[in-house]
Structure formats: C-alpha cells, structure tokens
**Q** 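Let me give you the structure first, and then I'll get to my questions.
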Amino acid sequence: MFIWLDRLMQLLVEKIFGISMDTRLGSSVHFFFYDTIKIIILLGIMIFAISYIRSYFPPERTKKILEKVHGVKGNILGSLLGIVTPFCSCSSIPIFIGFVEAGVPLGVTFSFLITSPIVNEAAFAILLASFGWKIAVIYVATGVIVGIVGGIIIGSLHMEKEVEEYVYQMQMGETEIQELSPKERAQFAWDNVKQIVGRIWIYLLIGIGIGALIHGWAPASVLAKYAGPHNPFAVLVAVVLGIPLYSNALGTIPIAEALINKGVGIGTALAFMMAVTALSLPEMILLRKVIKPKLIGVFVAITGVAIILVGYMFNAIAHLII
Amino acid sequence: MAIKILGMGCPNCNKLEKNVREAVKEAGIDVTIEKVEDLKEIMKYGVMKTPALVVNEEVKAVGKVLKVNEIKKYL
C-alpha cells in the first residue's frame with residue numbers, strides 16, 4: 001500500500017540528503033520520514049472515517065440500545081458499541097452514571113468501559129501503519145473479546161454494592177438526540193481529526209524518532225534475547241509498564257514497530273498498547289468518584305489478566321499471522 | 001438570557017467557557033453566564049458528554065467546544 005512512499009523516501013534520503021541507504025544514518029532517517037508521513041496519512045483517513053460513523057452513536061443512543069438487552073447478549077452489544085461510541089476519559093463518569101441510572105447491568109457497563117478505550121481509531125490507524133491490516137483487525141477483535149469476557153466476569157461477581165450510593169440516587173434528565181446533517185457529521189469528523197492529531201503528534205514524533213534510532217542502531221540479538229517471544233516475563237513487564245502511561249503514549253507504537261523488527265514479540269507489543277489505553281492511572285482516579293476501590297481493583301485485575309493472556313496468545317501464534 | 005456551561009473542569013470545558021464569554025462580549029448583550037461543575041446538576045440535563053452548553057435551560061450542544069461564531073447563533 002505504501003511502496004510508492006517507501007521509494008519516494010529512499011530517493012529523498014539518497015538523492016537530496018546524499019546519505020546511502022546502507023548506512024545506519026540513512027536507514028534511520030528513512031525510517032523517520034517514511035513512518036511520519038505514513039502514520040499522518042492513515043491517522044487522518046481513519047479518524048475521519050470512524051468519527052463519521054461515530055456521529056450516529058452518541059452515548060445517549062447507546063444507552064437506549066443497551067437498556068433493552070440482557071445477559072451475555074448485553075455484554076456483546078456493550079463491547080461492540082464501545083467501538084463506535086465516542087469516548088474520552090473526561091466523559092467516563094457521566095456515561096457510567098447514565099448507564100447505571102438507566103438500569104444497564106454493571107457487567108454490561110464494564111464491557112463498554114473496557115472496550116471503549118482499547119479500540120480507538122488512533123490506535124487502529126497507527127497499528128495499520130506499523131503492522132498492516134491483519135494485526136490491526138486482530139487487535140480490534142481481541143479488544144472486543146476482552147471487553148465481553150471482562151464484563152461477564154465483573155457482572156457475575158455481583159458487586160453492585162461497590163458502586164458509590166449516590167450514583168443510584170442520581171436523577172437523570174432526558175435530552176433529545178440531535179439529528180445531524182451530513183455536513184455536520186463531516187464537520188464533527190474533521191474536528192476529531194484535528195483534536196486527536198493535535199493531542200498526539202508530538203508524542204508520535206518523539207516515538208518515531210526513538211524508533212528510528214532503534215531501527216538504525218539497536219543490536220537485534222540483545223533485544224530478541226530479553227524481550228523476544230520466548231521470554232515469559234516480557235508480556236508481564238510490558239503490561240505493568242503500560243499502566244502509568246496514558247493514551248498519548250500511542251507515540252510508543254512506532255517504537256514497538258522498530259522493536260518488533262528487532263525481534264521483540266508482537267504479543268508483547270500489543271499487550272503493552274492495550275495496557276496503555278485500557279488501564280490508565282488518570283482513568284482510575286476518575287472512576288474512583290463513582291466506584292469503590294474494591295471494584296476498581298477487580299476491574300484492573302481482570303482487564304490486566306485478560307491483556308496478559310492476549311499477549312501470550314499473540315506471541316504463541318505470531319508466526320502464523322506475520 | 002442565561003447561559004450555563006456544564007462540565008467538571010476538563011480543559012475543553014474551560015475552552016468553551018472562554019468562547020462563550022468572548023461571544024457574549026462581542027455581541028454586547030446582557031447575559032448571565034454560569035459554570036455548572038456539580039455532577040448531580042449536570043446529570044439533570046441528561047448530558048453524557050461534557051462540555052455542554054445550556055441556553056435558557058435548553059441543552060444546545062453536547063460534547064464539543066463550540067466556536068465563538070457558533071455560540072453567537074444561540075444568543
């Protein structure tokens with residue numbers, strides 16, 4: 001898909017900068033420009049397309065859909081709606097209260113809350129840019145499954161008492177769901193592109209820069225030995241490292257790309273990414289306003305274990321998908 | 001006329017407030033601007049995404065930072 005860009009950047013490096021592609025510097029510079037342009041193109045297209053679809057699913061409508069379904073079907077639907085409902089961590093509290101107040105079961109609410117941050121358009125676009133569509137699609141599918149399973153387990157623990165009492169006493173008003181014209185949807189989508197790219201570009205550039213250095217200089221044998229698919233602790237360490245980082249750490253994906261080229265397990269990289277997006281410290285501090293520490297602990301434990309399992313699974317089957 | 005900005009203090013909420021103040025100043029009309037940060041009050045409006053703009057107790061926009069000229073339409 002991007003062979004033309006690859007060639008173009010080779011020309012840039014060799015003819016304009018006058019650096020040979022066979023040198024470390026040439027290979028790093030090429031990686032930097034090639035990756036930057038590729039990711040910006042894909043980010044723009046993906047965020048626009050997904051945001052356009054998202055404009056049809058405001059949280060108010062998602063809530064109405066989830067009110068009507070029960071049992072495992074609710075978890076599946078909750079997790080799927082987590083993909084398309086616009087979500088940012090500043091909205092997680094109102095969404096949580098809105099769902100609970102509407103009688104959506106706790107497990108279904110968590111299915112939504114787990115999938116929503118994991119499967120986001122920025123992560124999808126960057127995965128697509130770095131690893132191709134197969135990995136990007138598998139990432140989305142496993143994100144949805146983690147949400148479904150996590151929600152079912154949390155639902156089966158009957159932890160309704162671990163939600164702050166005041167949440168149940170909330171009286172929620174009704175708003176009309178605004179119908180948008182195609183022009184307004186396009187505007188919404190374009191605003192999202194600007195907002196997300198504006199938020200993460202600096203981290204991306206830093207990430208691509210470090211990735212470029214690794215690409216040119218890091219010794220593959222050392223990395224493969226310590227963080228390769230055969231080191232059983234690599235996934236665990238990746239997930240723990242991912243928790244204090246926030247979604248701006250999407251910039252770490254180009255680093256992951258460079259690391260994987262040097263022999264780090266793909267499952268390790270994916271688990272790290274999921275941990276960065278799904279288990280963030282700021283998100284937990286926000287959730288503390290509506291749920292008690294015990295339930296936050298359960299949420300982190302279940303989601304964390306699920307992500308670790310995903311990491312091991314990917315490392316085990318990596319040779320089949322790349 | 002009364003305008004309320006609903007939001008629990010996120011950066012976008014502050015941006016919206018700033019835009020509202022600017023729109024009101026440019027329009028030169030008498031408007032009371034109130035920032036609602038209490039979650040219970042926010043939820044009463046049925047809003048699930050912040051910031052939200054409420055004009056005369058009617059929710060006009062949810063989950064986005066309106067620009068100054070967009071706000072002027074509601075004044």
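Letters go in sequence order (proteins before strands), and every chain restarts at 1. Fair warning: this is a prediction, and the values are worked out from it, not measured in the lab.
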**Q** Please confirm whether the backbone N or O of Ile291(A) pairs with a side-chain atom of Arg288(A), one donor and one acceptor, at under 3.5 Å?
**A**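 Yes, the answer is positive, given that a donor and an acceptor are paired below the 3.5 Å cut-off.
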**Q** So, for Tyr139(A) and Phe124(A), is the gap between ring centers shorter than 6.0 Å?
**A**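 No: the rings miss the under 6.0 Å criterion.
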**Q** Is chain B contacted by the side chain of Phe96(A), its backbone, both, or neither, given a heavy-atom distance below 4.5 Å?
**A** neither
**Q** Just wondering, are more than 12 heavy atoms of other shown residues or ligands nearer than 6.0 Å to CG in Asp30(B)?
**A** no
**Q** Please state whether the side chain, the backbone, both or neither of Lys67(B) comes within less than 4.5 Å of a heavy atom of chain A.
**A**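 Answer is side chain: those atoms of Lys67(B) sit under 4.5 Å from chain A.
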**Q** Classify the ring geometry between Phe299(A) and Phe110(A) as parallel (under 30°), tilted (30 to 60°) or perpendicular (over 60°).
**A** tilted
**Q** Counting only non-hydrogen atoms closer than 4.5 Å, does Gln169(A) touch chain B with its backbone (N, CA, C, O), its side chain (CB onward), both, or neither?
**A**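 Gln169(A) has no heavy atom closer than 4.5 Å to chain B.
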